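Model, not experiment: these values are computed from the prediction. Residue numbering restarts at 1 for every chain, and letters A, B, ... go by the order of the sequence lines.
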Amino acid sequence: MPFVPAILLTDWLVYFILTVVVAFALYARRHEHLRAPWRRVTRRPLAMSALVVLLVYVGIGLLDSTHFRLRDTEQDVAVSETRYSHEVLSVLDILLKPLRESSEKTYSAPFAVYAYTRETIVHADGSTSHIYPRLQYAGAHLHDASERPLDIAKRVAVASIQGTVIWIILLSAFAYFIARRKKETFGEVLHRLRRGQTEVPWRTILLTVGVLLILVFCALHLAPYYHLFGSDQVGRDVLYKSLKSIRTGLLIGTLTTLVMLPFAIMLGIMAGYFRSWADDIIQYVYTTLSSIPGVLLIAAAILSLQVYMANHPEDFNTLIVRSDTRLLFLCLILGVTSWTSLCRLLRGETLKLREVDYVQAAVALGARHTKIMMRHIFPNVMHIVLITVVLDFSGLVLAEAVLSYVGVGVDPTMDSWGNMINGARLEMAREPIVWWNLAAAFVFMFGLVLAANLFSDAVRDAFDPRLRR
Amino acid sequence: MDTRGHSIFQLPSAALLVFTLCASGSAWSAWNNPYPADEEGKNVLYSAFSERPKHLDPVRSYSSNEYVFIAQIYEPPFQYHYLKRPYVLQPLTATAVPEPVYLDKNNRRLPAKAPVASIAYSLYTIRIRAGIHYQPHPCFARDDNGNYRYHALTRPEIAEIGSIADFHHTGTRELVAADYIYQIKRLADPKLHSPIYGLMSQYILGLGDLARSIAARRRDVTDSYLDLNEFELEGARVLDRYTYQVKIRGKNPQFLYWMAMPFFAPMPLEADRFFSQPGMQEKNITLNWYAVGTGPYMLTVNDPNRQMVLERNPNYHDDFYPLEGEPGDESTGLLADAGKRLPFIDKVVFSLEKEDIPYWSKFLQGYYDRSGISAESFDQAIRISSTGDSMLTDEMADKGINLLTSVATSTFYFGFNMEDPVVGGYTERARTLRQAISIAIDFEEQISIFLNGRGIASQGPIPPGIFGYKTGREGINPHVYDWVSGQAQRKSIAVAKRLLAQAGYPNGRDARSGKPLLLYFDTTGTGPEDKARLEWMRKQFKKLNIELVVRATDYNRFQDKMLNGTAQMFVWGWNADYPDPENFVFLLYGPNKKVQNNGENAANYDSPEFNRLFERMKDMDNGPERQQIIDAMVEIARRDSPWAWGFHPKQFSLQHRWLYNVKPNLMANNTLKYLRLDPSLRVAKRVQWNQPVLWPLLVVLLGSVAAMIPAVAAYRRRETRII
Amino acid sequence: MIAYIIRRIFYAIPILIGVNVLTFTLFFIVNSPDDMARIHLGVKRVTPEAVANWKAEHGYDRPLLWNNTAQSADRVTNTIFFEHSVKLFMFDFGRSDDGRDIGSDIAKRMWPSLAIALPTFMVGLLTYITFAMLLAFFRGTYVDTGGVVLCVVMMSISGLFYIILGQYVFSKLWHLVPISGFDTGINAIKFLILPVIIGVVGGVGASTRLYRTFFLEEINKDYVRTARAKGLSELRVLFHHVLKNAMIPILTGVVVIIPLLFIGSLIMESFFAIPGLGSYTIDAINSQDFAIVRAMVFLGSVLYIIGLILTDISYTVVDPRVRLH
């Protein structure tokens, strides 16, 4: 085998989330009361456009969540067993190999072919000069730096044409498929698409896909030859860093909610259903937890994790395992600090539901408590859970950056937008200013959070226009 | 915050109003002036501190950021000459730097040239100048009856006090020899945790006994104040009002250097009594936060959260600018003030500035008078000339900024834990592995990437400027460098790979087990700046195909690992206490091991031959013989490579042209008194450099108004439609 | 009413005990007293005796919860838990690990925190309400749609960007305000302008959007329609009827954070070097001064609980229909 899988803890959880989401989707398909609101979501052009963007992020995140170790190429003849490299890679790493390996010495600006700082070069004759040297990888195919604008323009043009062609093919295939299904002519479908006269706003979706396609193609054509977002202090490609950060952001946003959901749902429903002392205890627990300033709780917890890691180095022998554990732990502790609000909402809703006729009837008929909670109450508070999950997502992605600033965020060796912003603060003071790290983190983070915000708005409106936060 | 500020904020478009208020309230230039407008043009030096000082008590303070303050206030008997190099001691409050008298076991006097082995004790007799007075301070204040006014305060009286400035009466007293003895006794007070107590108890006779009797007394008496004069200390006694004597074990030429540090500054009994009153601690008014001294400055504002202010001590004794210096000082103007009375500057304002960015920006705006250079601002400030020298950029030169550089007497090294089963040990296998790594870690590159070249790669433990350091061909480390066309050149990675193979790890794999070699780097670095460094470090090992695992922990855990000897590789630093090679070579002395002995030998290096040579070298006076021994020691260490060496940082400092008499002095800390400045030039430049840019505000204002016009029109239309 | 408040205060006590026990467990698992001692004694030349001394002096040499060697009541009181956690209830914060009195430091640093948090809060509230009203007023026009989109966009930008860019542009490029720092009295204003503006701008997106929905909800109610039918101008309706009623959810929503203004903002204070409680906490986290962190956790919890009580009270004040029992 050319590789062995090296699945991280968080990878498993990602697969788990994926399974749950797919299962839920299948389940929702068969239940009209769940399908209806989702259908409302699909009618909103902005939300669907946001969904496309989100899917791209999720796709990148998933590619980055499949880890393995490659077989060592330098085999020792003496040792017969196959050996694998100790470097853990993901599918994304393989796809981005040119970016990963084109590491310069230090900073370089976006699209630059010369280094950002001057260096002392020793010439063959022993004399030295202090100049901006050419970069090792970026623009290495150019004989002369002055060819650069033309080269870039050419590549952009080719990429745009390719993207457009692919898009047109996609569009035609899609229209053909619809035409077949709806038994209309190809022309009619195209006409309706152009006019935006479809139930699902396909026009917006297809346009978004088109724009993204062209962007991706431009990146494909340019990134192997230039650093699109420059390179950082040790010369790593910033685009690569930003793409790797996507997984971190997504995980923080989703794992945290996943971790807190069982507690919040169980305790919230129990408190509202049983009332009396169960309610008192649960209320006490969440009031206590929520009255501790979140940052301080997280700080204390992260510090204690570090102690544990230092005492058990054998369990965390590679960097990637260490940072992965820390990420998971951060999600856990963020979950602890954020489950209380959902719990409170669920408790309130359950209190109301308990008085509803059919629940009363079930109680009168002597149904078991667990059954009532599972059968009657849980499905009826599902929408609150869903809305909370979607709404919390963007907030958590933003929180990661702040926590990294305070020094209790993800592992500093891990790629994350928080770490990038944090590092960028120092770079802003350089002269000339190093802005590209900040800009890249901004663009990628903004894209994800904006899409998430737009999408969650639609979900909230569709499921419960009255529920606000 | 007073209420006027609040009411203004509640008004709409508050920002603009406040801008107008600021503009009318002060000079046009002062919009971004962080200091009060009435300080403009005064003889005030502006500086910054990055971290709040932890201890201002000279008996505890042991870090340069605290010395910045207390060295200006507390005066030990000696100081380093400001201008002369190599560093020499000169008297400060003493009348002369004493020659020690050597005694044998039976306290009989020995000749000055006596062999070290025969010397049992050294005796230092220090005579201080008469007529030196302490700064005005409430602890000396007496009432009309001659009793101390503030020595028996009641709790309600203390409750009304916010800071030391709330005491209206002050007094002073002449400096006497007893004050010095009092301070030496304080070194032994277990309550004060003097960081050098452990070391000094080996030297000063009877210090350990003193500590034990103080501890015993403290157990019986709950009172926080204890008059240390009740205790006897064999090694330090007063001879007369102005003379005292210190007796130490053996011969120790470095002891004089210790006596030039604030640990040996005078402490008036009155101050201790004053600050020890019950209730003062709750107000944070303690000797640990306030200072009482004879120095050129006194601490008048003490808000470690924001600002510390030193003001001229009106009682300061006669002290004059040095008359002679190094050759060349004359031409650079450093002797222009020769013989003038010190200090020149009236007031020094230190503001808390935790981050480099605002510090640097304010320096460029003229709000700080001097600055170091961080890596971020380096390219803006410095360009390297074609000959490799550092020069100011045109932008800085146009502003009239001056640059001073010096190689610090400190070393940052990459250490191997010699007790580690893989990288440690004294086998040929481990030694070659370490040598291979030493070659692979390209410190020249690290210096150029992370320090912008502000450092030199080290060839051994001793930095330049310290006796025993060698330059040129004979100074290089032959295990790591070759001498190529007049320069030290790091050996190629091929050599390192060959050594690695010799050590039994061909191409980064253990030849015996076939497993890849996994090494661990222990560090405290968790910040974003560290990330790049760690990445770089991994790249270095990658060159040898060794996987480097970074074990980053918090500082505590790191200390633990170092103490337990569970760390594998680490980076450590050392800053000279005094200009003597002993202070660096002892970092590799076996009995100084971190593990077991909790010493400063972090690599736990223990070579019998090295230890033997160290013991010989330690107490020798500088000379060819000492040089020879040092050379031999350095060679042993280079071969064993307990460190992959590292670098000695270079200090770059910038000052504006209105600041005079600046000369880097790595040993002296009481240098503020020598500085002089020209406030009127500073005012002019600040105005010129800080013209506010207003048009963007107008654009925003007009833009938002313009954006509203169509909206209002739309509203009008709707209104009319409704009606 | 008063009986209710008293009951609420009693109810707060078990919560504070819970907070205390939780933080105690966390902090004493994280760091053994040995570690703390080593940090605070400095890097150079630390001996084991010095560590033992330090622990003894700070009371960390005692057992955690139960002292077997002591007599009667001392068995409980002569412990780390009693000395360092129980005393917090009497607001006796003790000394920080570097020997300063925490209570006195908190009392001093509270004011700069308030000086920045209060104006941010007030100006912010005013701005958000104004903008929300503007959007509600221009509902259905491009101002409204554009405004809402702008709100979502602004919400999606991390607060750190506002701070980094604001500081860069206003202070570094335009020389309008000092880059960072603080002063007392009227001189503080020039230091506060930028953090306050950035603080307000950072919250504009989320709050304006939320308040806008409050306004729209009121506008669509029957009484507003009646008022409008009576021929009142839109402006009058908005100011006289809608504003008054929309203020209820807005004010009851923000009451909970008023006590927390004393704590200030962690991030803002450390960026602008404001010597308040926020930067105090960050420094404590960085230097691992757990005595301070414990004190701040406790203080934060107390203030939060006060905020909750105030919220309850504010409901009765603005809406007499709500009865407390």
Say you draw a straight line from [atom1] of [X] to [atom2] of [Y]; how long is it, rounded to the nearest 0.5 Å?
| X | Y | atom1 | atom2 | value |
| --- | --- | --- | --- | --- |
| Ile17(C) | Tyr284(A) | CD1 | OH | 6.5 Å |
| Ile292(A) | Tyr304(C) | CD1 | OH | 11.5 Å |
| Ser290(A) | Ile15(C) | OG | CD1 | 8.0 Å |

Quiz item: Looking only at atom types and distance, does a side-chain atom of Ser156(C) sit under 3.5 Å from a main-chain N or O of Phe446(A), one as donor and one as acceptor?
Solution: no

Practice problem: Using the side chain to side chain contact (heavy atoms under 4.5 Å, CB included) rule, take Ile421(A) and Ile164(C) through it: C-alpha gap first, then chi angles, then the decisive distance, then the call. | Solution: CA-CA 9 Å; Ile421(A) 297 173; Ile164(C) 294 175; 3.8 Å; yes

Self-check item: Residue, of Ala12(C), Ala206(C), Ser270(C), that accumulates the most heavy atom pairs under 4.5 Å with chain A
Solution: Ser270(C)

Quiz item: Picking from Val153(C), Ile305(C), Val302(C), Leu16(C), which has the most non-hydrogen pairs under 4.5 angstrom with chain A?
Solution: Val153(C)

What part of [X] is in contact with chain C, defined as an atom under 4.5 angstrom from a non-hydrogen atom: side chain, backbone, both or neither?
| X | answer |
| --- | --- |
| Ile433(A) | side chain |
| Ala299(A) | side chain |
| Leu448(A) | neither |

Quiz item: When only pairs under 4.5 Å are counted, which of Leu454(A), Asp457(A), Leu297(A) shares the most heavy-atom pairs with chain C?
Solution: Asp457(A)

Exercise. Specify which of Gly447(A), Gly418(A), Pro293(A) makes the most heavy-atom pairs with chain C at under 4.5 Å.
Key: Pro293(A)

[X] portion near chain A, given a 4.5 angstrom heavy-atom threshold:
| X | result |
| --- | --- |
| Thr281(C) | side chain |
| Leu308(C) | side chain |
| Phe298(C) | neither |
| Leu165(C) | side chain |

Practice problem: Give the intermediate values and the outcome of side chain to side chain contact (heavy atoms under 4.5 Å, CB included) for residues Leu289(A) and Leu22(C). | Solution: CA-CA 9 Å; Leu289(A) 272 180; Leu22(C) 195 72; 3.9 Å; yes

